[in-house]
Structure formats: structure tokens, C-alpha cells
2 protein chains.
Amino acid sequence: MLLINRDTDYAIRVIVYMFKMDEKTISARDISDRLDIPYPFIRKILQTLSKENILKTRRGRGGGFSLKKLPEDITTIQLVKIFQDDMDITHCIFKDNICPDIDSCILRKEVKSIEKFIKERLGNLTVEDLIRKQ
Amino acid sequence: MLLINRDTDYAIRVIVYMFKMDEKTISARDISDRLDIPYPFIRKILQTLSKENILKTRRGRGGGFSLKKLPEDITTIQLVKIFQDDMDITHCIFKDNICPDIDSCILRKEVKSIEKFIKERLGNLTVEDLIRKQ
DNA sequence: TATAATGATAGTTATTTAATATCATTTATC
DNA sequence: GATAAATGATATTAAATAACTATCATTATA
């Protein structure tokens, strides 16, 4: 089990890279070549980030992707939620089944509270932090 | 992503059940029937728990499993570690690859710290807590 | 000796994740 | 206007993991 999955990790790397490069726009092909990420894979991630309003796109020849938000306005939890199904680590596999009462489940309460903690921590970690502190 | 996977969840339920029943030994077949868990599946879990010294076994006719530890001596994190590959949620998929220096990775540091928090929390949650507080 | 249990381990199926492929649309340049 | 180079949308395949099943040997009781 990983807290940050591959998609999220790639997304973070791409965004950090784009900030560092400081180019107006950069194509999926270039990112794929420079960061050594499979082309169709990074395309899907870039498309998602653009749908989520984190990237701008310019179509057609010479087009590509550029950042729409400032690094201090992108948090890690935002990206995790986009690529990891809202990060619902509490989801009970036994609901409607063995478990007598979901509301009285101590384990569930504990996990829920841990989830809250994680979301707060990653909510305070921006892309700027990742760039600046390194 | 789930914090507690199916194996761990079953293991917890079985142990709680065994404490509540207060029978000397109980067979895998009985547990399977009473908790509605697939027989070969629960067998594997029981075998693992017995290898890990959480259960005692008696082989042969009339045999089965019984608890070896007290509920206050079994923590949730123990069970998670047994069934979930030590719960290494930090594991970096990019080592030896893109990442320039694993030691300077801010994201990694953050995730590692979250992992530590989770392990402490689940380390303080015993099976007795799960029974008593319910 | 037959039966009912676990020990050990192999094998299968289902689900999820990772990666690839295709074609339409857009836009810059020649 | 034609061509090339880009993204948009979406379908498909492949690999990995998780879930589940099966088999046979060994043990112990009646």
C-alpha cells in the first residue's frame, strides 16, 4: 500500500518540473522525453490536470501545457484526491455484511481520524514547499 | 487505497470473535460457517496467525485454534504489519530513476512522518479496546 | 482404522493498475 | 490551402496484485 500512487507522483513531478523550467508551454512529448515517462501515460495525466484547472493547454502545432495556478496554490492533497479516488482509506468492506453496526465500529472511527490527519498534513504541503525546501 | 485490507480485517474479526465466544478451541470450519468467511480463505489467515504466535493450534480430530495472547497484548498495528507487508506506505517508485536524491525529497519526508503517526496510533489500539469500547 | 482437524503449498480467478493505441479536432507554418 | 504537430476523447491491451480455491500430507482422537 502506497500513500502516494504512481499517477499522483508523476503529476507532482511534472508540475515541479514545469515551474523549474519556466517555459511558457511545454508539450507532452517533451515532458515524456525529458522525465522519461511513457508518452501515452503522461498525456492522460496532463489531460486530467488540465480538466482540473491546474494546467492550461494550447492545442495545435507549437501547443502544449502551461501552469494555470501558482505553486503556493497547489496542495499535495488536491493532487492526491484527483488521482486517488478522493483518498477514502476508511471504506469498509463489510458494510451490509458481518459488521453489526457501522457507527459503533471503533476501528472505523480510528481509521477515519487517521484519514483526517493525513488530509490536513497533505493539505498544508504545497508544491511551492516541495520546490523551495529542496 | 484502504488502510486496513481484507486479510487484516478478517483477522481482527476472528480474534474478537474468539474472545467473545470464550470457547477453548474452535475449528476453521466453524469460524467459516459462523462468520460467513470462505473456508480456504480463513484457513490461510488462521495459519498465519498461528505462525505469528497469536493463536495456538491443536491438530487432529476435535482440534482447532485458540488464543495464545491476551486481548490487551495484541495491537492493531501488529496485525496490519503481518498481513500488509509491514505497511511501508512510503516506498518510492522512482528510486534509482528520476529522483535526484532520495534524502532531500520533501514529499518522502512528509509521507514518512505520516507513516510514523499511523503506526503509533494503531500501535496504541489493542484488540481489547476494540472489544471493550464497543 | 476411520474421521476430522491443521500444515504446507500450489493453482485459479477476478480486480485493479499500468500502459498503449486510435482517431478526431485544433492551430501554426510553409 | 496543405501539412505537420499538437491536444481531446476514448477504447483497448497487458501486467500486477488481490481474492479465492484446491490438494495432499500429517496429526490426533474416538
Side-chain angles (χ1 to χ4, degrees), chain A residues 1-11 14 18 23-33 35-68 80 82-85 87-89 91 93-94 97, chain B residues 1-11 14 18 23-33 35-68 80 82-85 87-89 91 93-94 97:
Chain A
M1 189 198 76
L2 291 175
L3 192 63
I4 308 285
N5 78 5
R6 189 176 291 250
D7 283 15
T8 310
D9 219 326
Y10 276 140
V14 167
M18 288 173 83
E23 295 172 50
K24 279 284 181 305
T25 62
I26 183 167
S27 73
R29 175 62 65 193
D30 277 356
I31 292 176
S32 165
D33 290 346
L35 294 185
D36 197 30
I37 300 171
Y39 174 68
F41 197 60
I42 197 61
R43 280 206 55 200
K44 201 156 55 176
I45 289 169
L46 291 168
Q47 283 193 7
T48 303
L49 288 173
S50 131
K51 274 182 197 158
E52 296 286 339
N53 276 302
I54 290 167
L55 300 182
K56 284 191 287 243
T57 66
R58 233 183 49 222
R59 297 178 73 174
R61 186 171 185 156
F65 299 85
S66 59
L67 290 156
K68 202 170 177 179
V80 168
I82 289 169
F83 292 102
Q84 292 173 228
D85 195 26
M87 205 188 74
D88 173 17
I89 65 172
H91 173 76
I93 56 173
F94 295 109
N97 227 345
Chain B
M1 187 198 77
L2 290 175
L3 193 62
I4 309 285
N5 77 5
R6 189 175 292 249
D7 284 16
T8 310
D9 219 326
Y10 276 140
V14 167
M18 288 173 83
E23 295 173 50
K24 278 286 180 305
T25 60
I26 184 167
S27 72
R29 174 63 63 193
D30 276 356
I31 293 177
S32 164
D33 291 345
L35 294 186
D36 197 30
I37 300 172
Y39 174 67
F41 197 61
I42 197 62
R43 280 206 55 200
K44 201 155 57 175
I45 288 168
L46 291 167
Q47 283 193 7
T48 303
L49 287 172
S50 130
K51 274 184 195 155
E52 298 286 340
N53 277 300
I54 290 167
L55 300 182
K56 285 192 286 247
T57 67
R58 235 183 49 224
R59 297 176 72 173
R61 188 174 182 154
F65 300 85
S66 59
L67 289 156
K68 202 170 179 180
V80 168
I82 290 169
F83 293 103
Q84 294 174 222
D85 194 28
M87 207 190 70
D88 172 18
I89 64 170
H91 173 75
I93 56 174
F94 294 109
N97 226 344

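In what follows, chains carry the letters A, B, and so on, assigned in the order in which the sequence lines appear, proteins first and then strands, with residues in each chain numbered from 1. Note that these values count all heavy atoms, side chains included, but never hydrogens, waters or copies made by symmetry. Computed from a predicted structure; not experimentally measured.
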Please state how far atom [atom1] in [X] lies from atom [atom2] in [N], giving the value in whole angstrom units.
X     : N      : atom1 : atom2 : value
A:I45 : C:dT20 : CD1   : P     : 12 Å
B:N5  : C:dT15 : CG    : C1'   : 15 Å
A:Y10 : C:dT20 : OH    : C1'   : 14 Å
B:I42 : C:dG7  : CD1   : P     : 13 Å
B:D33 : C:dA4  : CG    : C1'   : 14 Å
B:D9  : D:dA18 : CG    : C1'   : 15 Å
B:D7  : D:dT21 : CG    : C1'   : 14 Å
B:N53 : C:dG7  : CG    : P     : 12 Å

Among C:dT20, D:dA6, C:dA5, which nucleotide sits nearest the side chain of A:S27?
->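 My answer, after comparing the listed nucleotides, is D:dA6.
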
Any residue meeting side chain to side chain donor-acceptor pair (under 3.5 Å) with [X], in chain and number order, not counting sequence neighbours:
X     : value
B:Q47 : none
A:K51 : none
B:K68 : B:N53
A:S50 : none

Is [X] near enough to [N] that one of its side-chain N or O atoms lies under 4.0 angstrom from OP1 or OP2?
X     : N      : result
B:R43 : D:dT21 : no
A:T57 : D:dG8  : yes
B:S50 : C:dG7  : yes

What verdict does the side chain to side chain contact (heavy atoms under 4.5 Å, CB included) test give for A:I54 and A:I82, after you've listed the backbone C-alpha separation in whole Å, the side-chain angles of each residue and the deciding distance to 0.1 Å? CA-CA 11 Å; A:I54 290 167; A:I82 289 169; 3.8 Å; yes

Using a cut-off of 4.0 Å on non-hydrogen atoms, how would the nucleic acid contact of B:P38 be classed: base, sugar-phosphate, or nothing? sugar-phosphate

So what does A:Y39 touch, heavy atoms closer than 4.0 Å: a base, only the sugar-phosphate, or nothing?
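Counting heavy atoms under 4.0 Å across all strands, the contact made by A:Y39 includes a base.
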
Report each atom pair, protein N/O against N/O of nucleotides 26-30 of chain C, whose distance is under 3.5 angstrom.
| from | atom 1 | to | atom 2 | distance (Å) |
| --- | --- | --- | --- | --- |
| C:dT26 | O2 | A:G60 | N | 3.3 |
| C:dT27 | O2 | A:R61 | N | 3.1 |
| C:dA28 | O4' | A:R61 | O | 3.4 |

For residues 26-33 of chain B, tabulate all N or O donor-acceptor pairs below 3.5 Å that involve a side-chain atom, not counting sequence neighbours.
| from | atom 1 | to | atom 2 | distance (Å) |
| --- | --- | --- | --- | --- |
| B:S27 | OG | B:D30 | N | 3.1 |
| B:S32 | OG | B:I37 | O | 2.8 |

Hits for ring pair (Phe, Tyr, Trp, His ring centres under 6.0 Å) against B:F83, two or more places apart or cross-chain, chain-then-number order -> none

Residue set satisfying side chain to side chain contact (heavy atoms under 4.5 Å, CB included) with B:P40, at least two apart, ordered chain then number -> B:P38

Notebook entry, point to check: What's the verdict on side chain to side chain contact (heavy atoms under 4.5 Å, CB included) for B:K24 and B:S66, showing C-alpha distance, side-chain angles and the deciding distance?
Noted result: CA-CA 6 Å; B:K24 278 286 180 305; B:S66 59; 5.9 Å; no

Between the protein and nucleotides 10-15 of chain D, which nitrogen or oxygen pairs are less than 3.5 angstrom apart?
none

